[in-house]
Amino acid sequence: MAAEFTRLGGGQQQVRAQVDIAGEQRQPPTPAKGTVTTTPLRAGDPATLTVDFTGPDDLQPWLGMRGHLILTDDTQAVWAHVHAMATTAAAQPDETVAAYPAEVGFTFTFPHPGRYRAWFQAERGYEILTIAATFDVAP
C-alpha cells in the first residue's frame with residue numbers, strides 16, 4: 001500500500017506499508033485496451049512514456065489530472081507517482097464536459113537500470129482505465 005500526503009502550506013510525504021488482507025480474493029478488473037510506446041529508456045535520462053487508451057478523445061480528469069502513472073522497480077526501492085504532461089486541450093472545469101485526448105504522455109527519469117513495472121491510469125465514462133506495462137531500462 002502506498003499513500004501520498006500533501007501538507008497545507010507545502011511539503012509532501014510518501015508512506016508505504018505491507019498490508020495483509022483476509023477474506024475472499026476478488027478477480028482484478030479487465031485491463032483497458034491500448035498501447036504503450038517510449039523513447040529510449042536509459043538510467044539518468046528523461047524518458048517519455050506514452051499510452052494510447054484508444055477510442056475517442058473523451059478522457060475525463062481524474063483526481064485533478066488527465067492521467068496518472070505508477071512506477072516501481074523489481075526491488076521496490078523506487079516507487080513513483082507521475083502526472084500526465086500538459087495537453088493542448090482547453091482546461092476543463094470538471095469531468096462532465098471533458099474531452100481530453102486518448103493518448104496521454106508522461107515524462108520520467110529512471111534512477112537506475114533494471115526492470116520496472118508501470119500502471120497507466122485515466123478515466124473515461126466515469127470508469128478508471130488501467131494499462132500495465134513492464135520496461136527494461138538500460139545503464
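Just so it is clear, the values below take in all heavy atoms, side chains as well, and ignore hydrogens, waters and symmetry mates.
Legend: residues meeting salt bridge (charged side-chain N to carboxylate O under 4.0 Å, His left out) with Asp45, ordered by chain and number and at least two apart, are Arg42. Residues that satisfy the side chain to side chain contact (heavy atoms under 4.5 Å, CB included) test with Thr35, not counting sequence neighbours, are Asp52. Residues meeting the side chain to side chain contact (heavy atoms under 4.5 Å, CB included) test with Thr39, sequence neighbours left out: Ala47, Thr48.
In plain terms, the two heavy atoms of Ala43 and Pro113 that are nearest each other are CB-N, 3.5 Å. Residues Ala122 and Leu59 share a closest heavy-atom pair of CB-CD1, 4.0 Å. For the residue pair Pro101 and Asp57, the shortest heavy atom distance occurs at CA-OD1, 3.5 Å. The shortest heavy-atom contact between Ala32 and Leu129 is CB-CB, 3.8 Å. When all heavy atoms are compared, the tightest approach of Pro46 to Thr107 is CB-CG2, 4.3 Å.
Rounded to the nearest 0.5 angstrom, Thr37 OG1 and Glu103 CD are separated by 6.5 Å. Taking CE from Met65 and CZ from Phe106, the interatomic distance works out to 10.5 Å, rounded to the nearest 0.5 Å.
Within the 4.5 Å cutoff, the side chain of Val78 has no heavy atoms near those of the Phe110 side chain. Proximity of Arg124 to Asp58: side-chain heavy atoms (C-beta onward) are separated by under 4.5 Å at one or more points. Counting heavy atoms from C-beta on, the side chains of Phe120 and Ile70 never come closer than 4.5 Å. Using a 4.5 Å cut-off on side-chain heavy atoms (C-beta onward), Asp73 and His112 make contact. Annotation: side chain of Leu71 is in contact with side chain of Phe108 (closest heavy-atom distance under 4.5 Å).
Grouping the Ile, Leu, Val, Met, Phe, Trp and Tyr side chains by contacts below 4.5 angstrom, directly or via other members, places Leu41 with Val36.
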Which atom pairs, one a donor and one an acceptor, fall under 3.5 Å between side chains of residues 17-29 and the rest of the protein, sequence neighbours left out?
none

Would you be so kind as to tabulate the donor-acceptor pairs closer than 3.5 Å made by side chains of residues 130-139, with sequence neighbours excluded?
{"residue": "Thr130", "atom": "OG1", "partner": "Gln121", "partner atom": "NE2", "Å": "2.9"}
{"residue": "Asp136", "atom": "OD1", "partner": "Arg115", "partner atom": "NE", "Å": "2.8"}
{"residue": "Asp136", "atom": "OD1", "partner": "Arg115", "partner atom": "NH2", "Å": "3.1"}
{"residue": "Asp136", "atom": "OD2", "partner": "Arg115", "partner atom": "NH2", "Å": "2.8"}

Exercise. With side-chain contact (heavy atoms from CB on, under 4.5 Å) as the test, would you mind laying out the steps for Val104 and Arg66 before giving the verdict?
Key: CA-CA 8 Å; Val104 183; Arg66 70 183 184 110; 3.9 Å; yes
Quiz item: For Gln60 and Tyr100, what are the C-alpha separation, side-chain angles and deciding distance, and is it a side-chain contact (heavy atoms from CB on, under 4.5 Å)?
Solution: CA-CA 6 Å; Gln60 301 164 287; Tyr100 287 121; 5.8 Å; no
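No donor-acceptor distance shorter than 3.5 angstrom exists from the side chain of Thr38 to the backbone of Pro40, with no hydrogens or angles considered.
Clustering of Ile, Leu, Val, Met, Phe, Trp and Tyr side chains at separations under 4.5 Å places Trp62 together with Leu63, Ile128.
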